[in-house]
There are 2 protein chains.
Amino acid sequence: MATRINALGTASKRPTILDVAAACGVSPATVSNVLAEKRHIAESTRALVLEKVRELGYVASATARGLRMSRTWSIGVVVGDIANPFNPEVVRGIEETLWAKKNSLILCNTDSVSERKVAYLQNLIDKHVDGLILISQSLTQKEANALDMSRLPPLVTINRFSEVIEGDHVTVQNEGGVRELMQHLFDLGHQRIAFIKGMTSSTSAKERYDAYRSSMKKMGFPVDRNFVIQGDYTMESGVEAANKLLELPGLPTAIVAANDAMAIGVLGVLRDRGVSVPNDISVAGFDDIFMARHPLIALTTVEQPKYETGATAARLLLERIEDGPETAVRRVTLDATLKIRGTTGHAKPD
Amino acid sequence: MATRINALGTASKRPTILDVAAACGVSPATVSNVLAEKRHIAESTRALVLEKVRELGYVASATARGLRMSRTWSIGVVVGDIANPFNPEVVRGIEETLWAKKNSLILCNTDSVSERKVAYLQNLIDKHVDGLILISQSLTQKEANALDMSRLPPLVTINRFSEVIEGDHVTVQNEGGVRELMQHLFDLGHQRIAFIKGMTSSTSAKERYDAYRSSMKKMGFPVDRNFVIQGDYTMESGVEAANKLLELPGLPTAIVAANDAMAIGVLGVLRDRGVSVPNDISVAGFDDIFMARHPLIALTTVEQPKYETGATAARLLLERIEDGPETAVRRVTLDATLKIRGTTGHAKPD
DNA sequence: TTGAAAGCGCTAACAC
DNA sequence: GTGTTAGCGCTTTCAA
């Protein structure tokens, strides 16, 4: 007859390394060494220790070990908003990689609010995390000054590169991806192409915008000032941008958004206003978030390998923690892939 | 001229409480008490300590304090897959609540694989987290046996209630929500209503299915065996279920899925097959995930307050940690709200 | 091959 | 009001 498990916090005291040592008639140092496989131990004692460890259900206290070794085996992951569809897949990649090396992931949502970011980072530094990963978040000089940077652990940035920080970095081929996308639109006969930008503080947003401009320029197509709208990577800003664009006297034949969330916002507006996609206007994004793939959305976009991005960042961080500050800074740029779906088609003739 | 911040892990040694004490000419205990605001300290020394603390940039080591107080101020959150759109919003709710009380969130993805769940839980127990939250995950007796339950910290379950575990629990009005949804369909003239179930191991899935059956029964409508398909809450299983339903000789006029992910999978299939929604078939889900609200999806569904669900679970857990195992087990059931959108319409006449 | 002992940085009990 | 001291549970020299 099984008894129900009490999950109310009646945890019994755990055995310590002393308990195991006493049970075996050896010193705690020996137990420690058996478990850490550090120095050679007689096979007989080794077996005995292992047996008692299992018998007592002994597990070393991560806290005590952390105090002694000044490590926490935990990594702070700072993200604007975990509910933003781009992020969970990146976080998964990080998490899998950390788990494989027995590190914990401490998740922090900053809401992209500067004060909150600073507070969270300080908290993580104070908590003595072994490393930090910033997803699409960066640090301004001002924010950095507000922090106690002298105690900063190794930090890896994803997507947003900061001049202020000298550290490892993972990003995607933003220019190449957008250029490929633009070429796709040119091939379909588009010339009047609008662009919805991300925040200029984001290097990835800047690169995507630059690639849009240079692609247009290379084709000899003018960039109408009104065709460049400032967004902030949220779906709402995509909605606003679309509304602005639709007010214009001369409509664009295609709208490219610097990320999928904004592009999907645009699609919603066009749908509500009865504008046919891609017959009247083509729409494209960047990221290839989960939602973009659904048949009802079918957004043409540029895929950023999100899981791999996260996994790479975690790998770089773990290696940095291992190797120390001596080895050179590393910047990894992953490939972007154009995904042609249903929202792009031939340009509507004037 | 600003120097760049080195993020490679050249952190300098932090000052300890002894450094502060020495700088002030007081004992470490006094410093500790000033910071903890435990016992009364002369205003003059208090001010001095505070000044030196700021001057040296002293922050107490969470590790040392944790060892001493046997607390970690961190909470393990175990989730099947953070990339599953239901979860991020719940996690946000948890995270905000924990942050307000200075607790950290350790995120764990189990992929809903039993072994992995057990391994993760054991890891969290070993890490001495102060509490645990399981989102839509439960523990079978077998899994529980594989764990060292004697050291289990307080645990709160979300959505999936386990008979095996005696602990606090947060869920939503599953029966009420589905009944309301069914009534909406009945009002539209639907009688041939198919249902895509979740895993029977999930109490919420079971409750939603039961409500479907009892609603049908109450109306005197037969439940065709073929109209009940087993899914697993993933979009893919919704796709499979829709394909099965469309093979049937007599089609249903409406398809209700036990969650939005499956319903959205159904919508994709219907779209691909040229079945008009809601003209030919109505579709509805449960949860009201972000994607369901988009104009191109516009899924009729029952909203589960996800953020609030997470926030409530975190609050219950923190209170449980504070109050200890003595106070009675609490079960909170949040309200579900019917959201009528574009995927439900009048039943197609035979 | 093993043990003894110091100490990681903190808090709490006990003194004064 | 404040100081002294004993650990929390572990790893790691240094000795044997």
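All values below come from the heavy atoms of this structure, side chains included, with hydrogens, waters and symmetry mates left out. Per chain, numbering begins at 1; letters A, B, ... match sequence-line order.
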**Q** For the pair made of CZ in R14(B) and C1' in dG9(C), what is the distance, rounded to whole Å?
**A**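 Going from CZ in R14(B) over to C1' in dG9(C) covers 10 Å.
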**Q** On DNA chain D, reading 5' to 3', which nucleotide is the first and which the last to sit with an atom under 4.0 Å from a heavy atom of chain A, could you check?
**A**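 Footprint of chain A along DNA chain D, 5' to 3': dG9(D) to dC14(D).
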**Q** Quick one: which of I75(B), L155(B), V129(B) gives a side-chain contact (heavy atoms from CB on, under 4.5 Å) with L124(B)?
**A**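 Option passing the side-chain contact (heavy atoms from CB on, under 4.5 Å) with L124(B): V129(B).
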**Q** For T16(B), report the nucleic acid contact type (base, sugar-phosphate, nothing); a contact means any heavy atom under 4.0 Å.
**A**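 Sugar-phosphate, backbone atoms only, no base.
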**Q** Does V79(A) reach the side chain of L134(A), with side-chain heavy atoms less than 4.5 Å apart?
**A**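 No, their side chains stay 4.5 Å or more apart.
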**Q** Go through the steps to decide whether W99(A) and R116(B) satisfy the test side chain to side chain contact (heavy atoms under 4.5 Å, CB included), and finish with yes or no.
**A** CA-CA 10 Å; W99(A) 168 243; R116(B) 180 132 180 203; 3.6 Å; yes
**Q** Rounded to the nearest angstrom, tell me the gap between atom NZ in K38(B) and atom P in dC10(C).
**A** 16 Å
**Q** Please report the interatomic distance CZ(R46(A)) to CG(N33(A)), rounded to the nearest 0.5 Å.
**A**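 With rounding to 0.5 Å, CZ (R46(A)) is 12.0 Å from CG (N33(A)).
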**Q** Mind listing the residues from residues 17-27 of chain B sitting with a heavy atom below 4.0 Å of DNA chain C? Number order is fine.
**A**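 Contacts with DNA chain C under 4.0 Å: I17(B).
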**Q** Going by distance alone, is a donor N or O of one side chain under 3.5 Å from an acceptor N or O of the other, for K127(B) and S104(A)?
**A**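 K127(B) vs S104(A): donor-acceptor pair found between side chains.
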**Q** Given the rule in the side-chain hydrogen bond (donor to acceptor under 3.5 Å, both in side chains) test, do R320(A) and T327(A) qualify, once you have shown the distances and angles that lead to the verdict?
**A** CA-CA 8 Å; R320(A) 172 67 63 197; T327(A) 50; 3.1 Å; yes
**Q** Less than 4.5 Å apart, any side-chain heavy atom of L318(B) and any of N103(B)?
**A** yes
**Q** Can you sort out which residues in residues 42-57 of chain A have a heavy atom within less than 4.0 Å of DNA chain C? Ascending by number, please.
**A**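 Here the set is A42(A), T45(A).
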**Q** List in chain and number order the residues that pass side chain to side chain donor-acceptor pair (under 3.5 Å) with S74(B), two or more places apart in sequence or in another chain; answer none if no residue qualifies.
**A**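 Per chain and number, S74(B) pairs via side chain to side chain donor-acceptor pair (under 3.5 Å) with T72(B).
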**Q** For D126(B), enumerate each residue passing the side chain to side chain donor-acceptor pair (under 3.5 Å) test, keeping only those at least two apart in sequence or located in another chain.
**A** Q122(B)
**Q** Taking S32(A) as the fixed residue, which of V49(A), V20(A), I17(A) is the one that meets the side-chain contact (heavy atoms from CB on, under 4.5 Å) rule?
**A** I17(A)
**Q** In sequence, state the C-alpha distance, the side-chain angles, and the governing distance for R92(B) and D111(A), and then conclude on salt bridge (charged side-chain N to carboxylate O under 4.0 Å, His left out).
**A** CA-CA 10 Å; R92(B) 284 241 42 182; D111(A) 275 329; 2.8 Å; yes
**Q** Provide, to the nearest angstrom, the distance between the CZ atom belonging to R39(A) and the C1' atom belonging to dT1(C).
**A**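 About 8 Å, once rounded to whole Å.
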**Q** Scan residues 28-37 of chain B against DNA chain D and write down, sorted by residue number, each residue with any heavy atom closer than 4.0 Å; if none is found, say none.
**A**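 Close to the strand are A29(B), T30(B).
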**Q** For residues R14(A) and H128(B), is any side-chain donor paired with an opposing acceptor at under 3.5 Å?
**A** yes
**Q** If we ignore angles and hydrogens, is there a donor and acceptor under 3.5 Å between the side chains of T312(B) and T309(B)?
**A**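 Distance-only check fails for T312(B) and T309(B).
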**Q** Select base, sugar-phosphate, or nothing to describe what I41(A) touches, counting heavy atoms under 4.0 Å on all strands.
**A**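 Sugar-phosphate contact only - I41(A) comes under 4.0 Å of backbone atoms but never of a base.
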